[in-house]
Amino acid sequence: MASPSVSRPAIYAAVARIPAGRVATYGQVARLAGISGHARLVGYALSALPEGSRVPWHRVVNAKGEISPRSNGLGHDRLQAVLLRREGVWIDRTGRLSLAAFRWRPRPRGT
DNA sequence: CCACTGACGAGTG
DNA sequence: GCACTCGCCAGTG
């Protein structure tokens, strides 16, 4: 349940800004979407994404740097790991990736 | 209108 | 570093 449509467009737009090979946290996306502090809403919005959407939802991970397990039972969490790996983002055997190395930094100084 | 539920995050022990 | 609690918003029964 819970298919909130808060600022879905804003959230999707923020997620769409994440470059391949990089990841962003829900909180980070929320901040970019203009709803900082509402990381949950980001997750809810992404959960409502249709399978054919062009939104790189797989580039969004939680603050711990791991793929949040979902309950839809469609194995999307597994798919996310595969998609990320395909972009060069390797998940640690503990199920976590190095945020320090793969976290996307919007507006970096220089370049 | 009330209660429960979700792809979360930060703080505390 | 891990486990637990509280806070946030929106939709459903």
Side-chain angles (χ1 to χ4, degrees):
Chain A
M1 307 64 172
S3 304
S5 41
V6 205
S7 310
R8 296 215 310 199
I11 293 172
Y12 298 155
V15 175
R17 285 167 124 129
I18 308 172
R22 282 270 177 340
V23 299
T25 65
Y26 292 94
Q28 192 177 349
V29 172
R31 176 135 89 167
L32 293 171
I35 55 173
S36 58
H38 301 278
R40 283 181 142 195
L41 303 186
V42 175
Y44 304 154
L46 293 181
S47 67
L49 271 173
E51 290 183 30
S53 73
R54 302 160 222 287
V55 180
W57 56 271
H58 59 277
R59 293 179 191 147
V60 184
V61 297
N62 60 33
K64 291 181 289 188
E66 61 180 23
I67 296 171
S68 296
R70 58 224 80 162
S71 17
N72 61 352
L74 297 175
H76 282 175
D77 55 331
R78 190 96 185 107
L79 174 62
Q80 180 169 8
V82 174
L83 291 173
L84 285 177
R85 187 178 67 178
R86 199 176 104 171
E87 294 185 350
V89 179
W90 294 78
I91 286 68
D92 190 285
R93 81 176 103 165
T94 60
R96 303 196 307 205
L97 57 85
S98 177
L99 275 178
F102 299 109
R103 179 172 164 271
W104 170 51
R105 296 182 174 182
R107 329 204 315 219
R109 292 175 300 91
T111 324

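Reckoned from all heavy atoms, side chains included, excluding hydrogens, waters and symmetry mates. Each chain gets a letter, A, B and so on, in the order the sequences are listed, and its residues count up from 1.
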- prompt: So what does A:Arg96 touch, heavy atoms closer than 4.0 Å: a base, only the sugar-phosphate, or nothing?
  reply: sugar-phosphate
- prompt: How long is the line joining NE2 of A:His76 and C1' of B:dA7, in whole Å?
  reply: 11 Å
- prompt: Side-chain N or O of A:Ser71 less than 4.0 angstrom from OP1 or OP2 on B:dG6?
  reply: no
- prompt: Along nucleotides 8-13 of chain B, 5' to 3', which nucleotides get a B, which get an S, and which get a -, given that the test is a protein heavy-atom distance under 4.0 Å?
  reply: BSS---
Nearest-angstrom distance from the residue atom CG of A:Leu84 to P of B:dA7: 18 Å
- line: Rounded to whole Å, the CG-P distance (A:Asn72 to B:dA7) equals 8 Å
task: Specify the separation, in whole Å, of atom CD1 of A:Ile35 and atom C1' of C:dA10.
output: 11 Å
message: In the structure I gave you, are the side-chain heavy atoms of A:Phe102 and A:Leu84 within less than 4.5 Å of one another anywhere?
response: no
task: Starting at atom CG of A:Leu83, determine the distance to atom C1' of B:dA7, rounded to an integer number of angstrom.
output: 14 Å
message: Rounding to an integer number of Å, can you tell me how far A:Arg8 CZ sits from C:dG11 C1'?
response: 12 Å
field: Where at least one partner belongs to residues 78-96 of chain A, residue pairs that pass salt bridge (charged side-chain N to carboxylate O under 4.0 Å, His left out), sequence neighbours excluded
entry: A:Arg59-A:Glu87
- request: Would you tell me whether A:Arg70 and A:Gln80 have side-chain atoms, one donor and one acceptor, within less than 3.5 Å of each other?
  value: yes
statement: Rounded to the nearest 0.5 angstrom, the CG-NE2 distance for A:Leu83 and A:His76 is 10.0 Å
message: Quick one, A:Val61 and A:Ser68 - any side-chain contact, counting heavy atoms below 4.5 Å?
response: no
Approximate separation, where rounding is to 0.5 Å, of A:Glu66 CD and A:Ile91 CD1: 10.5 Å
